[in-house]
Amino acid sequence: MNALKVLRIGPLVSIQDQGRPGQLQQGVSRGGAVDLLALAEGAALLRQSADLAALEMAGMGGLFEATGPLRIALTGAPMQASLDGEALAWNASHQMQAGQRLEIGAARRGVYGYLHLGGGIDSAVMLGARAAHLMSGLGRTIALDDLLPCGPDQSSETGLGLTPEDRFQGGTLRIVAGFQSDLFAADVRARFAETGFRRGSRANRMGVELVSDGAGFAAEGQLNILSEIIVSGDVQMTGDGKPFVLLREAQTTGGYPRIGTVLPCDLPRVGQAQAGTELRFDWVSLEEGLALQARHDAQMKSLPGQCLPLLRDPAHMQDLLAYQLISGVVSADADPFA
């Protein structure tokens, strides 16, 4: 079985997929990749299912060596990447041969980059998923000398590129009201949408702190709120009225009041925000939110049709003779209408 061997690795790199639904009653949130759109983009570039596991790299990648021929794709936060010293395009699929070394450096924008393998990463399944759930102790981060084995690869196509949706520079988060929204006075909810926030210094796979100037956002009777079920996207207020947007490994219950829930399609914008990135909230109705999410889901399904062949510089093609550089040639003596 072909695999990537880990020769050097960043501190917060783990195997992730779409997570494990249906475990809330066991005290385990769904987990999975912070940027699900990046999973879909990698699947499209490799012509495979978005259910397969990939490597999630927070801020920094690593150095990997192929034990045999395999296909890779790079998506999510753009990072410095090279294969045997030659620069690689991000948001693209590439071929690796046995012994070649892939180096992935620091993120240029955003936080979470993703390394996909043809056939996915064939790691152990735990509670129905391969994803490491770091906060609950399911799985672990990747370590030096680990092997990342490829699953069965049903395709051979590489050299595809994709223009990604830009979710690495903050922007507007659409939010819908929830069961606890009415605990916040109407003027507090209005001020919340009028306030400009910045991503704070506290952020991980559980959630992201948002900071702003001015007063906090307190709920009425917030000290008497009972603990209730929590889902990713909930915007929870701390005792001093500071919002946290909860992400994939959020706790399953909590007593802090929640002003609303960010649409799932906007959560990659939160997770990919670097410290200091500006974010705002925009209230939408449940009907509007469902329509926006449906449109996003349809766009994700259309990603394979958006992948196009990479344009490559012949000067950087080490295997130049393997490419068809001339096509559509006809004979000067032939009848073009025959």
Side-chain angles (χ1 to χ4, degrees), residues 1-20 31-36 38-39 41-43 45-77 79-86 88 90 92-107 112-158 205 248-249:
M1 180 180 294
N2 295 336
L4 280 181
K5 183 178 181 180
V6 178
L7 303 181
R8 187 177 70 244
I9 199 67
L12 295 173
V13 178
S14 61
I15 295 172
Q16 297 297 337
D17 55 21
Q18 295 192 9
R20 44 182 66 79
V34 170
D35 189 346
L36 287 179
L39 282 190
E41 290 169 343
L45 288 165
L46 291 174
R47 305 304 197 200
Q48 61 189 19
S49 171
D51 294 331
L52 297 177
L55 202 63
E56 181 179 87
M57 305 169 288
M60 178 69 69
L63 180 64
F64 311 89
E65 182 175 272
T67 64
L70 52 85
R71 300 185 305 138
I72 63 168
L74 304 167
T75 66
M79 295 175 161
Q80 301 169 353
S82 62
L83 183 62
D84 283 350
E86 294 289 334
L88 285 183
W90 203 259
S93 59
H94 307 278
Q95 179 70 46
M96 288 186 69
Q97 302 297 338
Q100 287 193 303
R101 292 188 172 186
L102 169 68
E103 185 168 15
I104 301 177
Y112 294 96
Y114 294 82
L115 167 59
H116 311 256
L117 304 185
I121 300 177
D122 192 18
S123 59
V125 175
M126 301 167 289
L127 292 180
R130 303 182 195 278
H133 196 294
L134 302 179
M135 297 303 165
S136 65
L138 278 174
R140 59 172 176 79
T141 55
I142 299 301
L144 185 68
D145 293 329
D146 278 352
L147 279 178
L148 306 176
C150 299
D153 192 357
Q154 306 300 322
S155 181
S156 60
E157 189 172 7
T158 57
R205 288 177 45 81
R248 303 289 289 183
E249 289 188 10

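Quantities reported herein were computed from a predicted structural model and do not represent experimental measurements.
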Reported [atom1]-to-[atom2] distance for the pair [X] and [Y], which is rounded to 0.5 angstrom:
X    : Y    : atom1 : atom2 : result
M96  : L4   : CE    : CG    : 5.5 Å
Q16  : S123 : CD    : OG    : 9.5 Å
E41  : L46  : CD    : CG    : 12.0 Å
L36  : Y114 : CG    : OH    : 7.5 Å
C150 : L117 : SG    : CG    : 4.5 Å

Between [X] and [Y] (side chain of the first, backbone of the second, donor and acceptor by atom type, cut-off under 3.5 Å), is there such a pair?
X    : Y    : value
E249 : M135 : yes
Y112 : A38  : no
R20  : A131 : yes
D84  : Q100 : no

- Message: Quick one, I142 with L148, criterion side-chain contact (heavy atoms from CB on, under 4.5 Å). Give me CA distance, side-chain angles, the key distance, then yes/no.
- Response: CA-CA 9 Å; I142 299 301; L148 306 176; 4.0 Å; yes
Closest non-hydrogen atom pair between [X] and [Y], with its separation:
X    : Y    : answer
R140 : A132 : O-CB, 3.8 Å
G105 : M60  : C-SD, 3.5 Å
G76  : D35  : CA-OD2, 4.5 Å
G42  : A73  : O-CB, 4.2 Å
V13  : G61  : CG2-O, 4.2 Å
R248 : V34  : CG-CA, 3.8 Å

Side chain proximity check, [X] to [Y], heavy atoms < 4.5 angstrom:
X    : Y    : answer
V6   : F64  : yes
L83  : H94  : no
I9   : D146 : no
T141 : P11  : no
L115 : L102 : yes

- For H116, which residues count as a side-chain hydrogen bond (donor to acceptor under 3.5 Å, both in side chains) partner, sequence neighbours excluded? T75
- Note on the structure: side-chain hydrogen bond (donor to acceptor under 3.5 Å, both in side chains) filter on T158, not counting sequence neighbours, yields none
Taking side chain to side chain contact (heavy atoms under 4.5 Å, CB included) as the test, write out the residues that go with [X], two or more places apart.
X    : answer
E65  : L7, R101
A53  : I15, D17, I121, R130
L147 : A3, K5, T67
D153 : Q48, R71, S155

- Mind running side-chain contact (heavy atoms from CB on, under 4.5 Å) on E103 and R8 for me, showing each step along the way? CA-CA 9 Å; E103 185 168 15; R8 187 177 70 244; 2.5 Å; yes
